[in-house]
Q: 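For reference, the structure I am asking about is given below.
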Amino acid sequence: VDLNDEGAPYTPELRTEMYREMAEEKSEKEQREKDRLPRERNYEKEHKDAVMRAFDEIFFKDGRVKQCNEGNLKFRLDEDKQHFYLYVDTPRYMDTSLLDCDVHPQYVTVVAKDKVL
């Protein structure tokens, strides 16, 4: 039975079928809109994963330390008679929770915003 036909009978079965179709269309529309929304991100987990990945990939197979600057951050290394100073230019408003430093006698690992320095 065509529901758009003006001469169609208005019975409870047709009304039920019509409301089911409307509910199905509404749920499909809601699903499409839900799919278009940006996904929820867990920034803390992403940062922890980046830190662990950085520490897993520190050395070459022959024992040399890898050098990389994924974030293209500017840095400089200064020294005086007793100390070494590493200055890293991070973005101005970056949260300190997104910065992780690991200092060793032979190398330093800095992870800023999931990028390894």
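This structure is a prediction, so every number in the text was calculated from the model and none was measured.
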Q: Side-chain heavy atoms nearer than 4.5 Å, only ILVMFWY residues, links allowed to pass through others: does that put L86 and V103 together?
A: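 Yes, L86 connects to V103 through the hydrophobic network.
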
Q: Would you kindly confirm whether M94 and F75 end up in one hydrophobic cluster when ILVMFWY residues are joined by side chain heavy atoms under 4.5 Å apart?
A: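 Hydrophobic grouping puts M94 with F75.
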
Q: Between D102 and Y107, do the side chains contain an N or O donor and an N or O acceptor separated by less than 3.5 Å?
A: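 No.
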
Q: Quick one: CZ on R39 to CG on L37, what's the gap to the nearest 0.5 Å?
A: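 Spacing of CZ (R39) from CG (L37) equals 13.5 Å.
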
Q: Is the shortest side-chain heavy-atom distance between Y85 and D80 below 4.5 Å?
A: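 Y85 vs D80: side chains touch.
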
Q: Quick one: do the Q31 and D35 side chains pair a donor with an acceptor below 3.5 Å?
A: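 Yes.
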
Q: Could you tell me which residues satisfy side-chain hydrogen bond (donor to acceptor under 3.5 Å, both in side chains) with T16, sequence neighbours excluded, listed by chain and number?
A: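 Result, side-chain hydrogen bond (donor to acceptor under 3.5 Å, both in side chains) vs T16: none returned.
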
Q: Measuring from atom CZ of R32 to atom CD of E28, what distance do you get when rounded to the nearest 0.5 angstrom?
A: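 Between R32 CZ and E28 CD, I get 6.5 Å after rounding to 0.5 Å.
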
Q: Once you round to the nearest 0.5 Å, how far does CG of D100 lie from NZ of K48?
A: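 Nearest 0.5 Å value for the CG-NZ distance: 11.0 Å.
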
Q: Nearest 0.5 Å, what's the CZ-OH distance between R76 and Y87?
A: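 So the CZ of R76 and the OH of Y87 are separated by 6.0 Å.
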
Q: Any side-chain heavy-atom pair from R36 and E33 closer than 4.5 angstrom?
A: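 Side-chain contact under 4.5 Å: yes.
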
Q: Under 4.5 Å between any side-chain heavy atoms of L99 and V110, yes or no?
A: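 Yes, close enough: below the 4.5 Å cut-off.
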
Q: Under 4.5 Å between side-chain heavy atoms, counting indirect links through other Ile/Leu/Val/Met/Phe/Trp/Tyr residues: same cluster for V108 and M52 or not?
A: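 No, V108 does not connect to M52 through the hydrophobic network.
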
Q: Indicate yes or no: at least one non-hydrogen side-chain atom of E17 is less than 4.5 angstrom from one of L14.
A: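 E17 vs L14: side chains touch.
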
Q: Search all heavy atoms of T90 against all heavy atoms of L73 and return the closest pair with its distance.
A: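 Shortest heavy-atom separation between T90 and L73 comes out as CA-CD2, 4.5 Å.
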
